[in-house]
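Given the structure is predicted, the values throughout are model-derived calculations rather than measurements.
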Amino acid sequence: MTSAATWSPQEVETVACVGAGVIGGGWAAHFLARGYTVRAWDPGDGAAERLSRLVEAAWPALTELGLADGASPDNLTVVSTLAEAVDGAGFVQESAPEALDLKRRLLADIDAVTAPGVVIASSTSGFAMTDMQVNAATPERLVVGHPFNPPYLIPLVEVVGGERTERWAVDWASDFYRHVGKSVITMDRELPGFIANRLQEALWREALHMVANGEATPEQIDTAITDGPGLRWPVQGPCLTFHLAGGEGGMAHMLDHFGPALKEPWTRLDAPELTSRLRDDMVAGCESEADGRTFLDLVSERDRGVIAVQRALRALKDGGDE
């Protein structure tokens, strides 16, 4: 059993990315932009070409955000075996598809070929590490490092261990993610879906209910967020937003005054049945909202928007104007 990491987060030079899909590729792009050497492995056909295209597509946004010294897509190597990917790596980020049996086998395989003291993180969006680490020989170093898509652009990472994870691994992973520019939530306990996914899932389910009942269209729902509370959330989250809604009395006044409204039928937390009609309405509504823009057009629009918000927030924190 390993009781501590082999080296500090600041000493890592090479990162292994296991899985090169949308999430794994986004992680690879982020680590490359932070100046790391990245060794990637994915058993899927055409993985190397897909990963190269993803990094190429992400690089303009990363360049705008600012690259670390020595950062280059040329520091990426796609290897043919898992052992090659983790050889010499100071950190491993697994981003395989969301299938529990696959995660269990893969994490055990990664654990078997990764040097002692190297932390292994999973990008799972919902599985508990307790359920994934069951076959690993040294489960104490396995943690969840749950990102948000795209990982090269959205800073949040939620870190939590399983029942057999030791505290040093959770702390080390949290410190490493912060070192590479991430905003880290180190969770106190495992929670299905983690924190942010549960919040966005509640909003998503309510949106589906409104479309299913003919109460709102996808475009109306999106506009309600982007031109409404979504403009506040990059600065202050829902809790602080409601705290301010209480005026000088803060959250206490807000809850005392608006508490009875919690019993009003303003939300439905149970998921609706995903009927063919609901599915078709969602698809049609989003196509209408896209209004002819392609996937790449929308990705570019999203990236430029997030960058603009991040720059504005950075200027606000610095006390100046942008």
Side-chain angles (χ1 to χ4, degrees), residues 14-34 36-62 71-115 118-127 129 131-136 142 144-154 157 180 197 279 283 286-287 290 293-300 302-303:
T14 301
V15 174
C17 289
V18 178
V22 172
I23 299 299
W27 270 123
H30 176 75
F31 291 130
L32 288 167
R34 301 323 318 145
Y36 290 90
T37 296
V38 175
R39 299 172 67 83
W41 175 79
D42 188 307
D45 293 337
E49 292 76 13
R50 289 196 303 273
L51 179 56
S52 178
R53 290 194 298 270
L54 194 153
V55 171
E56 181 180 0
W59 209 252
L62 289 166
S72 172
D74 295 337
N75 294 331
L76 171 65
T77 303
V78 180
V79 296
S80 58
T81 68
L82 181 57
E84 288 179 275
V86 303
D87 183 28
F91 178 72
V92 181
Q93 185 77 45
E94 171 270 313
S95 305
E98 286 290 289
L100 183 56
D101 288 343
L102 171 62
K103 294 279 193 183
R104 286 174 172 172
R105 292 194 303 270
L106 182 57
L107 286 171
D109 290 343
I110 295 171
D111 181 52
V113 295
T114 301
V118 175
V119 173
I120 301 167
S122 174
S123 297
T124 180
S125 59
F127 292 133
M129 179 49 71
D131 295 330
M132 295 189 295
Q133 66 189 169
V134 293
N135 297 329
L142 270 59
V144 167
H146 171 234
F148 267 71
N149 188 38
Y152 68 84
L153 199 60
I154 306 299
V157 179
V180 300
N197 264 354
R279 186 259 183 203
V283 171
C286 290
E287 288 178 350
R293 288 169 294 176
T294 67
F295 169 77
L296 292 178
D297 291 335
L298 294 171
V299 166
S300 176
R302 177 201 62 195
D303 288 1

Partners of F31 by ring-ring contact (aromatic ring centres under 6.0 Å, His included), sequence neighbours excluded? W27
With H146 via ring-ring contact (aromatic ring centres under 6.0 Å, His included) - residues at least two apart: F148, F194
To the nearest 0.5 Å, tell me how far L106 CG sits from D101 CG. 12.5 Å
Listed once per pair and sorted, the side chain to side chain donor-acceptor pair (under 3.5 Å) pairs that draw on residues 104-113, sequence neighbours left out: D111-T138, D111-R141
Tell me, please, which residues at least two apart from T124 pass side-chain hydrogen bond (donor to acceptor under 3.5 Å, both in side chains). E98
For G21 and D42, the nearest pair of non-hydrogen atoms, with its separation, is N-OD2, 4.0 Å
Who passes side-chain contact (heavy atoms from CB on, under 4.5 Å) against S72, sequence neighbours left out? D74, N75
side-chain hydrogen bond (donor to acceptor under 3.5 Å, both in side chains) filter on T81, not counting sequence neighbours, yields E84
So, for S95 and I23, which heavy atoms are closest and what is the spacing to 0.1 Å? OG-CG2, 4.0 Å
Just jot down the salt bridge (charged side-chain N to carboxylate O under 4.0 Å, His left out) partners of R302, sequence neighbours excluded, or say none. none
Check W41 against A85 and note the closest heavy-atom contact, atom names and distance. CB-CB, 3.8 Å
Mind checking the CG-CG spacing from D303 to L153? Nearest 0.5 Å is all I need. 5.0 Å
Return the minimal non-hydrogen interatomic distance between L142 and A136, and the atom names on each side. CD2-CB, 4.0 Å
Partners of A108 by side-chain contact (heavy atoms from CB on, under 4.5 Å), sequence neighbours excluded? N135
Which distance, rounded to the nearest 0.5 Å, do you find between the OG1 of T114 and the CD1 of I120? 4.0 Å
For L54 versus G26, what's the shortest heavy-atom pair and its separation? CD2-N, 3.7 Å
If you measure from CG on L76 to SG on C17, what distance do you get to the nearest 0.5 Å? 8.0 Å
Which atom pairs, donor and acceptor, lie under 3.5 Å between side-chain atoms of residues 86-93 and protein residues at least two apart or in another chain?
from, atom 1, to, atom 2, distance (Å)
Q93, OE1, Y177, OH, 2.6
Q93, NE2, S123, OG, 2.9
Q93, NE2, G145, O, 3.4

Sequence neighbours excluded, the answer for side-chain hydrogen bond (donor to acceptor under 3.5 Å, both in side chains) partners of Y36 is none
E94 meets the side-chain hydrogen bond (donor to acceptor under 3.5 Å, both in side chains) criterion, sequence neighbours left out, with K103, S122
Donor-acceptor pair, side chain of R50 and main chain of V22, under 3.5 angstrom: no
Who pairs with A33 by side-chain contact (heavy atoms from CB on, under 4.5 Å), at least two apart in sequence or on another chain? W59, L62, L67
For A40 and L51, which heavy atoms make the closest approach, and how far apart are they? CB-CD2, 3.7 Å
